[in-house]
Colleague: 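Submitted below is the structure of interest, expressed as structure tokens.
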2 protein chains.
Amino acid sequence: MPRNHRTQDREEKRNLIIDAAQHLFLRAGYEATAMTRLASAAGIAPNTIYWYFKDKDDVLIAVLDRELSARMADYLKQSFDNMTARLLWVVNQLELVSPLVSTVHARAQLAPAIHGWHEQFHRLIEALLRVELEAAGIPAEHIEAVMNIWVFTIEGLLTHTMTASQKQQICQTLSLGIPQQASA
Amino acid sequence: MPRNHRTQDREEKRNLIIDAAQHLFLRAGYEATAMTRLASAAGIAPNTIYWYFKDKDDVLIAVLDRELSARMADYLKQSFDNMTARLLWVVNQLELVSPLVSTVHARAQLAPAIHGWHEQFHRLIEALLRVELEAAGIPAEHIEAVMNIWVFTIEGLLTHTMTASQKQQICQTLSLGIPQQASA
DNA sequence: ACCTGAACACCGTTCAAGT
DNA sequence: ACCTGAACACCGTTCAAGT
């Protein structure tokens, strides 16, 4: 039982650091958040962070992983009337962490750990999306391309400021399918 | 004439720094390129850069502006058979500077100057795209949303590694219009 | 095992001084 | 006007030392 108690404490303290990191990363930005700033927000010495995390990128991954788990749990509980509603829900959820999207893309070029997380994240999103697109009757030979367009559009909605009505319009257009070119 | 000669020299030297910066930003990345490294590549003292540029972001903007002008000049010279060909050409051109796309998105959150450049860039791309979509017969009420989807897809193609056939598929699907849902 | 004060190497930028 | 050597404030991370 002492073993168990110890790891429990450790997990709790680790979570406190992740709390502080998430708050600061979202308000001030990842790069703009100094490790000393994060440490003082968590009430510890700067170097203590390195007993819980490998480096700064490892803290970011912890924030991302925890948030992803929570959002995934929420997602699986929902039921949606149509694809537009489903898409809008996902975008609105992800919007809470939208500042981190660009951060992940930028750091994935330099940090292999972030690169790996980003790839795994895409595999997850694409698997979920593929199921829905198949169910919606998209022909097999188009699934791959359509799925990519959806993913890119979700990312675009997150990385660019859009009004609610713009988001609505875009999600709807994507769900209905882009009209054929000058044929009708 | 001395006046002219002087500004000519200045412009030339400034361009040499931009050359070095573009090379390093694309190979090593913006953040990973130290000002000292850039200075030594350009054969000057680190602080000399600051006589030609306000700060590091200002160097980035100079690289972006120069490359954008060159690509725009190329674009206007081209003629395309269809939208797929046009889209593929643009993506392939932009791919040469694709590492900078994520950099711009990330820094736009922190640096107002980069934010401004990014917005102006989007206005330009969207104006060009709008003309083509109108000519292709997309109904007016869908133009805005379709345009955003195209822009987001272009950005997605640049920020994620894709095979040539994936790119081809995606550009084609986007040009033909996304198939209706389970109706036919 | 857990935590720290002090230090390290590095960064973008500035400043006083030169021509 | 143009350029520099030296310094500044700051950064992520490490290390020796404590409990």
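Computed from a predicted model, the values in this text were never measured in an experiment. Numbers restart at 1 for each chain; the letters A, B, ... are given by sequence-line order, proteins then strands.
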Colleague: So which nucleotide from C:dG12, D:dC11, D:dT13 ends up closest to the side chain of A:M35?
Modeller: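 Closest of the options to the side chain of A:M35: D:dT13.
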Colleague: Within a radius of less than 6.0 Å around NE2 of A:H122, do more than 12 heavy atoms belonging to other residues, nucleotides or ligands occur?
Modeller: yes
Colleague: Distance check needed: C:dT13 C1' versus B:D58 CG, whole Å only.
Modeller: 14 Å
Colleague: Using purine N1 to pyrimidine N3 plus N6-O4 or O6-N4 for Watson-Crick, or N1-O2 and O6-N3 for G-U wobble, both under 3.5 Å, which nucleotide pairs with D:dC8?
Modeller: C:dG12
Colleague: Take atom CD1 of B:I49 and atom P of D:dC3, then tell me their distance rounded to the nearest Å.
Modeller: 12 Å
Colleague: With B:W150 as reference, evaluate B:I125, B:L87, B:V90 under the side chain to side chain contact (heavy atoms under 4.5 Å, CB included) test and give the passing residue.
Modeller: B:L87
Colleague: Could you please name the partner base of C:dA1, counting Watson-Crick and G-U wobble pairs only when both distances are under 3.5 Å?
Modeller: D:dT19
Colleague: Does the ring of A:Y50 carry A:K56 above it, NZ/CZ under 6.0 angstrom from centre and within 45° of its axis?
Modeller: no
Colleague: Among D:dT4, C:dT4, C:dT13, find the nucleotide with the atom closest to the side chain of B:Y50.
Modeller: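 Nearest nucleotide to the side chain: C:dT13.
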Colleague: Given atom CZ of B:F53 and atom C1' of D:dC3, what is their separation to the nearest angstrom?
Modeller: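 Rounded to the whole Å, the gap is 15 Å.
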Colleague: Between B:T48 and A:D57, who's closer to the 5' end of DNA chain D by nearest nucleotide?
Modeller: B:T48
Colleague: What is the distance, to the nearest angstrom, from the CZ atom on B:R14 to the P atom on D:dC3?
Modeller: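 In whole Å, D:dC3 P and B:R14 CZ are 13 Å from each other.
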Colleague: What is the distance from CG of A:L24 to P of D:dC11, rounded to the nearest Å?
Modeller: 13 Å
Colleague: Just the rounded figure in Å: distance from P of D:dC11 to NZ of A:K56.
Modeller: 9 Å
Colleague: Taking atom C1' of D:dG12 as reference, at what distance in whole Å does atom CG of A:L110 sit?
Modeller: 14 Å
Colleague: Quick check on D:dC3: is either OP1 or OP2 less than 4.0 Å from any side-chain nitrogen or oxygen of B:K13?
Modeller: yes
Colleague: Is the ring pair A:H118/A:H105 parallel, tilted or perpendicular, if the boundaries are 30 and 60 degrees?
Modeller: perpendicular
Colleague: Are any side-chain N or O atoms of B:S40 and backbone N or O atoms of B:R37, one a donor and one an acceptor, separated by less than 3.5 Å?
Modeller: yes
Colleague: Looking at A:Y52, does any N or O in its side chain come under 4.0 Å of the phosphate oxygens OP1/OP2 on C:dC3?
Modeller: yes
Colleague: Between C1' on C:dC11 and OH on B:Y30, what's the gap in Å once rounded to a whole number?
Modeller: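 The distance from OH of B:Y30 to C1' of C:dC11 comes to 12 Å, rounded to the nearest Å.
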